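Remarks on the structure that follows.
It should be emphasised that the depicted structure is a prediction, and the values quoted were computed from it without experimental measurement. All chains are named by letter (A, B, ...) in the order of the sequence lines, taking the proteins before the strands, and each is independently numbered beginning at 1. Basis for what follows: all heavy atoms, side chains included, without hydrogens, waters or symmetry-related copies.
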Number of protein chains: 2
Amino acid sequence: MSPRILDNNQLLAREQELIDTALQIMETDGTAGLTMDKVVARVPYSKGTIYNHFTSREDLLTGVCNAGMSVLAELFSRALTFNGTTRERLLAVQYAYLLHALLQPTQFMLVISAKTASLSERTSERRQAEHYQLEGRLMGPMLKLVDEAITNRELVLPKQMTKQQIVFTNWAGSFGAIALLINSEGKCSGRQGLAFQSEIFNHANLLLDGMQWHPLSHEMDYYKSVERIAQEIFPEESAQAGNPQYSQRMKAN
Amino acid sequence: MSPRILDNNQLLAREQELIDTALQIMETDGTAGLTMDKVVARVPYSKGTIYNHFTSREDLLTGVCNAGMSVLAELFSRALTFNGTTRERLLAVQYAYLLHALLQPTQFMLVISAKTASLSERTSERRQAEHYQLEGRLMGPMLKLVDEAITNRELVLPKQMTKQQIVFTNWAGSFGAIALLINSEGKCSGRQGLAFQSEIFNHANLLLDGMQWHPLSHEMDYYKSVERIAQEIFPEESAQAGNPQYSQRMKAN
DNA sequence: AATCGTCAGTGACGGATCGTCAAAAAACCT
DNA sequence: AGGTTTTTTGACGATCCGTCACTGACGATT
């Protein structure tokens, strides 16, 4: 009656292997350069087997996207362990978001593509559900942070705004700034490197000041906070992302 | 020596015709559904002729994007004629942006795709230059608005921020909020219609309050402003975008 | 008027890609 | 060992991109 039931763990491992290879290809050839045939060539399975895991190329892309969201959730958790005010910890989360975007620009942009009709329509139910669940895992901690800020009296909810809206508006701001900058390397006259980072934090600080999330930016030096976040929470990642001074211990100048 | 010289105006007209057909296809089949063969089928020219105008499918996409930016620039100009404070007029520009996104979601998303390497690498020099020039035509008026606000004393430049950064951060905020919402119809639990609009304006108002652009949102009812903008400047477009109450004169209830 | 030279236009074709499916191989059961 | 069910395979049809050898239209020249 049941000749062989495929080991579920083995299946998941293979799925991860496929996602990893897909990501490798995308890092060199871009999203448009990802081809099922290329994946087949790099992997000991045939095309048919791959299509047993992913219903289409788009389904595979959503898989890569979900994998990225998963590591991002991990970064968010770490960010929230920062020792500081709620506003500083929110900044830490945004810094994590920025790091992720710098280290994995392809995956970062994938999040918006995944919401496109042409992608989501061709994505399997299962993976779509996984996607929503991951969104929750990203939003959840930030909602809790807002709660905490409210009970701490560091934030009072602006008129007719919900906690969800607070989180959304912060996310949207970071996303927009990063998305517009990340694909403008050396195009619009001279913004690069540190400018990138400061745009994101200018935006975040203006927004947080606007909603009166204390301490306001004139009451506290948030540039210092960002440096502390980079050094204490994300030294490795900051170094990789092009801020070598934050890496553990470089030969001092 | 010169058997036949192609009329330049005729060429431009044909190019526009091709862009229009491409846009029509994209409206029904999505960006991914745009195919050169489909364009050929709808047009009295052969594939070779089309490739005389556009070096690749991506070049055509950039052409469609540029056309969208051109009408957006027109909307911006109209928005700036609103009779009100500088901050109200900036809101009008953002409202124009929102309208454009609602009416032409495909073209709206194209702006970010156009910055992707896979697209810009395959776009002709000519059209790339046109693209940058259009960016200028969008940014220019907003820079002038910031200038005006500064001389009016309605805005003082925050520490270490340039006028360009002010404009960028506003643009990024609107872009992020719209981009995240526009592809979430009925997915994330219940946001729709008016919620869409209010998210964008919550974000803009928080940001503008944060940079102390007067009058602040507690000093003035900006919901009223938005309604005035919709009625006085964009009645037709607002109606099309799903706010029928703003259309010129409906049979009153 | 006949001929020639130039250039826009054409569409069949090569190469690449997606996703399928009939058949082969492998695993399991008795 | 033989039979049954699951899994894998890769050749194949369909689609799409972009090219290029060819066609034909038009003006210039004789």
Original post:
Just to confirm, is there a sub-4.0 Å distance from OP1 or OP2 of dT7(D) to any side-chain nitrogen or oxygen of R14(A)?
Top reply: no

Original post:
Would you say T49(B) reaches dT10(C)'s phosphate, i.e. side-chain N/O to OP1/OP2 under 4.0 Å?
Top reply: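 Answer is yes, contact under 4.0 Å.
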
**OP:** Go through the structure and list residues passing side chain to side chain contact (heavy atoms under 4.5 Å, CB included) with L12(A), not counting sequence neighbours.
**Re:**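 L12(A) satisfies side chain to side chain contact (heavy atoms under 4.5 Å, CB included) with N8(A) once adjacent residues are dropped.
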
Original post:
side chain to side chain contact (heavy atoms under 4.5 Å, CB included) with Y51(B): which residues, sequence neighbours excluded?
Top reply: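 Expected list: M36(B), K47(B).
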
Could you state the atom-to-atom distance from [atom1] of [X] to [atom2] of [N] in whole Å?
| X | N | atom1 | atom2 | result |
| --- | --- | --- | --- | --- |
| Y45(B) | dT23(D) | OH | C1' | 19 Å |
| N8(B) | dC7(C) | CG | P | 16 Å |
| I50(B) | dA8(C) | CD1 | C1' | 14 Å |
| F54(A) | dC18(C) | CZ | P | 14 Å |
| N52(B) | dT19(D) | CG | P | 11 Å |

Original post:
Between E15(A) and R126(A), does at least one N-O distance fall below 4.0 Å, as a salt bridge requires?
Top reply: yes

Original post:
Of all of residues 20-32 of chain A, which get a heavy atom below 4.0 angstrom from DNA chain C, listed by number?
Top reply: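 Here the set is empty: none.
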
Subject >> N52(A): side-chain hydrogen bond (donor to acceptor under 3.5 Å, both in side chains) partners, not counting sequence neighbours >> reply: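 With neighbours one apart ignored, the set is empty.
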
Please list, chain by chain and in numerical order, all residues satisfying salt bridge (charged side-chain N to carboxylate O under 4.0 Å, His left out) with [X], sequence neighbours excluded.
| X | value |
| --- | --- |
| R137(B) | none |
| R57(B) | none |
| R122(A) | E58(A) |

Tell me which donor-acceptor pairs under 3.5 Å the side chains of residues 25-33 of chain B have, and how far apart each pair is, sequence neighbours excluded?
{"from": "T28(B)", "atom 1": "OG1", "to": "I25(B)", "atom 2": "O", "distance (Å)": "3.1"}
{"from": "D29(B)", "atom 1": "OD2", "to": "K38(B)", "atom 2": "NZ", "distance (Å)": "2.9"}

Could you list all N or O pairs between the protein and nucleotides 11-18 of chain D that sit under 3.5 Å apart?
{"from": "dC17(D)", "atom 1": "OP1", "to": "M36(B)", "atom 2": "N", "distance (Å)": "3.3"}
{"from": "dC17(D)", "atom 1": "OP2", "to": "M36(B)", "atom 2": "N", "distance (Å)": "3.0"}
{"from": "dG18(D)", "atom 1": "OP1", "to": "R122(B)", "atom 2": "NH2", "distance (Å)": "2.2"}
{"from": "dG18(D)", "atom 1": "OP2", "to": "Y51(B)", "atom 2": "OH", "distance (Å)": "2.7"}
{"from": "dG18(D)", "atom 1": "OP2", "to": "R57(B)", "atom 2": "N", "distance (Å)": "3.0"}
{"from": "dG18(D)", "atom 1": "N7", "to": "K47(B)", "atom 2": "NZ", "distance (Å)": "3.4"}
{"from": "dG18(D)", "atom 1": "O6", "to": "K47(B)", "atom 2": "NZ", "distance (Å)": "3.0"}

